[in-house]
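Atom set for the values below is all heavy atoms of this structure, side chains included, hydrogens, waters and symmetry mates excluded. Residue numbers start at 1 and run along the sequence shown.
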Amino acid sequence: MLDFSKFQELLERDMTRKEFLQYLGMGLLGIVGVSSIANNLQKSGFVHRQTSEKPAAGYGMSAYGR
């Protein structure tokens, strides 16, 4: 199970506005950083998504029909 005691201690801690903004900035940077890494891995082809879509077939789907 997840232990939220460290997070609870952080919430109960007295801090200045500067410290609060530093913690907030680090948290946002962490979230943006993780999502950017995941997005870059997906674009590079390292991570493949499985889709249930079937390739379209028929008139206009070949290079000649476009």
Side-chain angles (χ1 to χ4, degrees):
M1 221 54 211
L2 295 174
D3 183 23
F4 291 106
S5 62
K6 295 288 184 186
F7 182 69
Q8 190 64 31
E9 288 175 19
L10 182 64
L11 290 177
E12 292 174 357
R13 181 177 167 215
D14 287 336
M15 63 179 73
T16 64
R17 180 178 289 167
K18 181 180 179 180
E19 290 173 329
F20 171 74
L21 291 175
Q22 286 175 340
Y23 279 111
L24 184 65
M26 287 187 298
L28 289 174
L29 211 71
I31 292 171
V32 170
V34 169
S35 64
S36 294
I37 290 171
N39 193 16
N40 286 336
L41 286 176
Q42 182 182 0
K43 285 183 181 178
S44 70
F46 189 72
V47 177
H48 298 286
R49 283 191 179 181
Q50 293 182 353
T51 59
S52 60
E53 296 178 12
K54 294 182 180 179
Y59 180 75
M61 302 288 43
S62 68
Y64 179 74
R66 289 185 188 174

Enquirer: Assigning hydrophobic clusters by single linkage (Ile, Leu, Val, Met, Phe, Trp, Tyr; side-chain heavy-atom cutoff under 4.5 Å), is F4 placed with L24?
Expert: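 Shared cluster, no.
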
Enquirer: Transitively linked via ILVMFWY side-chain contacts under 4.5 Å: L10 with M26?
Expert: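 Yes, same cluster.
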
Enquirer: Which residue, L41, V34, N39, forms the side-chain contact (heavy atoms from CB on, under 4.5 Å) with I37?
Expert: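 Result: among L41, V34, N39, L41 is the only option passing the side-chain contact (heavy atoms from CB on, under 4.5 Å) with I37.
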
Enquirer: Going only through I, L, V, M, F, W and Y residues with side-chain contacts under 4.5 Å, is there a path from Y23 to L11?
Expert: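 No; tracing contacts between hydrophobic side chains, which count when under 4.5 Å, never links both residues.
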
Enquirer: Nearest 0.5 Å, what's the CG-CD distance between D14 and E19?
Expert: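 Answer for the CG-CD pair, D14 versus E19, is 9.5 Å.
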
Enquirer: Grouping I, L, V, M, F, W and Y whenever their side-chain heavy atoms are under 4.5 Å apart, do M15 and F7 come out in a common cluster?
Expert: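 No: no chain of side-chain contacts under 4.5 Å links M15 to F7.
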
